[in-house]
Amino acid sequence: MATLNELYKNYPQSPDAPTWLMTMAATYDAKLNDKAKAREYYQMVKDKYSTNPWAKEADKRLAVIAAAK
């Protein structure tokens with residue numbers, strides 16, 4: 001997680017940045033069960049990389065988190 005976060009902080013314009021964010025979000029979501037942090041990273045993908053295919057997946061995952069409340 002620290003490595004991915006560091007990569008994102010240093011290279012937010014990288015074509016791999018949405019993948020890094022999605023990986024962190026999925027880890028918070030599935031492995032660490034921290035839905036708030038997962039939601040934060042999924043939302044970043046939607047907001048900052050809306051044209052990237054990952055944005056659609058982030059939107060789906062946000063809907064699942066919201067429905068689970």
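Residue numbers start at 1 and run along the sequence shown. All values below were derived from every heavy atom in this structure, side-chain atoms included, with hydrogens, water molecules and symmetry-related copies excluded.
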Nearest 0.5 Å, what's the [atom1]-[atom2] distance between [X] and [Y]?
X	Y	atom1	atom2	result
Thr27	Asn33	OG1	CG	12.5 Å
Arg61	Trp54	CZ	CH2	6.0 Å
Leu4	Trp20	CG	CH2	8.5 Å
Tyr41	Asp34	OH	CG	10.0 Å

Not counting sequence neighbours, which residues clear salt bridge (Lys or Arg N to Asp or Glu O under 4.0 Å) with [X]? List them please.
X	answer
Lys35	Asp29
Arg39	none
Lys56	none

Output, in order, the C-alpha distance, side-chain angles, deciding distance and verdict of side chain to side chain contact (heavy atoms under 4.5 Å, CB included) for Lys37 and Leu32.
CA-CA 10 Å; Lys37 200 70 167 166; Leu32 301 175; over 6 Å; no
So which atom in [X] and which in [Y] form the shortest heavy-atom distance, rounded to 0.1 Å?
X	Y	value
Ala17	Pro12	CB-O, 3.5 Å
Ala25	Ala38	O-CB, 3.4 Å
Ser50	Ala55	O-CB, 3.7 Å

Going by the angle between their ring planes, with limits at 30° and 60°, are Tyr49 and Tyr8 parallel, tilted or perpendicular?
perpendicular
Set of side chain to side chain contact (heavy atoms under 4.5 Å, CB included) partners for Ala63, sequence neighbours left out
none
Return each pair, listed once, that meets salt bridge (charged side-chain N to carboxylate O under 4.0 Å, His left out) where at least one residue sits in residues 41-53; pairs must be two or more places apart or across chains.
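Residue pairs passing salt bridge (charged side-chain N to carboxylate O under 4.0 Å, His left out), neighbours aside: Lys46-Asp59.
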Salt bridge (charged side-chain N to carboxylate O under 4.0 Å, His left out) contacts in which one or both residues fall within residues 15-28, not counting sequence neighbours
none
Linking I/L/V/M/F/W/Y whenever any side-chain heavy atoms sit under 4.5 Å apart, do Met22 and Tyr11 land together?
yes
